[in-house]
Amino acid sequence: MQKNKKYLVLRIGIIALLIALFGLIRIYENQLFYDPFLKYFKLDNNLDLPKVDFFQLAFGLTFRYFLNTIISLAILYLIFLDLELTKFATLLYILFFVVLLCALYFTLELTQNPNRISLFYIRRFLIQPILLLLFIPAFFFQKQKN
């Protein structure tokens with residue numbers, strides 16, 4: 001019993017460290033990633049969209065999404081201790097990435113007047129660990145159901 005309690009405390013500690021990594025990614029986002037929209041969305045949204053090198057933006061978003069995904073998958077595994085669930089979550093992360101990056105490309109490159117709100121939320125899903133916040137309760141309820 002004591003060993004299980006220590007193991008649980010260790011898992012919670014590692015999860016806390018992983019959440020702190022999310023914070024570090026957010027703190028150093030300007031230095032780590034090319035994303036002209038970071039400043040744009042903090043300013044007045046009546047301004048024209050900044051000029052963007054889509055491939056450089058896609059690379060920066062991919063790198064950030066990859067970091068967030070690795071941390072998120074580690075958290076999911078530590079919470080549920082289920083490798084199959086973690087593999088399924090990996091597939092979902094890949095699917096969401098492809099869909100979101102295509103939507104971002106369509107919004108920025110193929111439309112005459114990009115919708116700022118759509119751009120904001122597509123980008124938000126790519127740069128923030130929002131999917132983790134959706135997956136934890138979904139997987140919890142799925143496990144309870146089974």
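Just so we're clear, the structure is a prediction, and the values are computed from it rather than from any experiment.
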Trainee: What heavy-atom pair brings Pro50 and Val52 nearest, and what distance separates the two atoms?
Mentor: O-CG2, 3.3 Å
Trainee: If you look only at pairs with a residue in residues 70-79, which of them pass as a salt bridge (Lys or Arg N to Asp or Glu O under 4.0 Å), with sequence neighbours excluded?
Mentor: none
Trainee: Any chance you could measure Tyr40, atom OH, to Leu119, atom CG, to the nearest 0.5 Å?
Mentor: 8.0 Å
Trainee: Could you tabulate the donor-acceptor pairs under 3.5 Å formed by side-chain atoms of residues 12-33, not counting sequence neighbours?
Mentor:
from	atom 1	to	atom 2	distance (Å)
Glu29	OE1	Arg64	NH1	2.9
Glu29	OE1	Arg64	NH2	2.9

Trainee: Please go through Ile94's hydrophobic cluster and name the other residues, only I, L, V, M, F, W, Y counting, with side-chain heavy atoms under 4.5 Å joining them.
Mentor: none
Trainee: Spell out, yes or no, whether Tyr121 and Phe106 are grouped together once hydrophobic residues are joined by side-chain heavy atoms under 4.5 Å, including indirect joins.
Mentor: yes
Trainee: Please list, chain by chain and in numerical order, all residues satisfying side chain to side chain contact (heavy atoms under 4.5 Å, CB included) with Pro114, sequence neighbours excluded.
Mentor: Leu49, Thr107, Thr111
Trainee: Can you list everything that forms a side chain to side chain contact (heavy atoms under 4.5 Å, CB included) with Ala103? Sequence neighbours excluded, please.
Mentor: Ile122
Trainee: Run the side chain to side chain donor-acceptor pair (under 3.5 Å) test against Gln142 and tell me which residues pass, sequence neighbours left out.
Mentor: none
Trainee: In chain order, what residues pass the side chain to side chain contact (heavy atoms under 4.5 Å, CB included) check against Phe120, with sequence neighbours excluded?
Mentor: Phe41, Arg124
Trainee: Calculate, to the nearest 0.5 Å, the distance between atoms CG and CZ belonging to Leu126 and Phe97 respectively.
Mentor: 6.5 Å
Trainee: Other than Val99, which residues form its hydrophobic cluster under the rule that side-chain heavy atoms must be closer than 4.5 Å?
Mentor: Leu95
Trainee: Decide yes or no on side chain to side chain contact (heavy atoms under 4.5 Å, CB included) for Lys87 and Leu83, but give the supporting numbers first.
Mentor: CA-CA 6 Å; Lys87 288 178 185 178; Leu83 192 57; 4.0 Å; yes
Trainee: Side-chain heavy atoms under 4.5 angstrom apart, residues restricted to Ile, Leu, Val, Met, Phe, Trp, Tyr: same cluster for Phe55 and Phe66?
Mentor: no
Trainee: Do Phe125 and Leu134 make a side-chain contact, defined as non-hydrogen atoms from C-beta onward lying under 4.5 Å apart?
Mentor: yes
Trainee: Do Leu131 and Leu92 have side-chain heavy atoms sitting under 4.5 Å apart?
Mentor: no
Trainee: Check for me, please, whether Phe139 and Leu91 land in the same ILVMFWY cluster - side-chain distances under 4.5 Å, paths through other members count.
Mentor: no
Trainee: Show me, pair by pair, the donor-acceptor contacts under 3.5 angstrom made by side chains of residues 68-82, not counting sequence neighbours?
Mentor:
from	atom 1	to	atom 2	distance (Å)
Asn68	ND2	Ile127	O	2.9
Thr69	OG1	Tyr65	O	2.7
Ser72	OG	Asn68	O	2.7
Ser72	OG	Tyr93	OH	3.4
Asp82	OD1	Glu84	N	3.0
Asp82	OD1	Leu85	N	3.2
Asp82	OD2	Lys143	NZ	2.8

Trainee: Is there any salt bridge (Lys or Arg N to Asp or Glu O under 4.0 Å) pair reaching into residues 90-107, and which pairs are they, with sequence neighbours excluded?
Mentor: none
Trainee: With Asp35, which residues qualify under side chain to side chain donor-acceptor pair (under 3.5 Å), at least two apart?
Mentor: Arg123
Trainee: With sequence neighbours left out, what residues match Arg11 under salt bridge (Lys or Arg N to Asp or Glu O under 4.0 Å)?
Mentor: none
Trainee: Is it the case that the ring center of Phe59 lies less than 6.0 angstrom away from the ring center of Tyr34?
Mentor: no
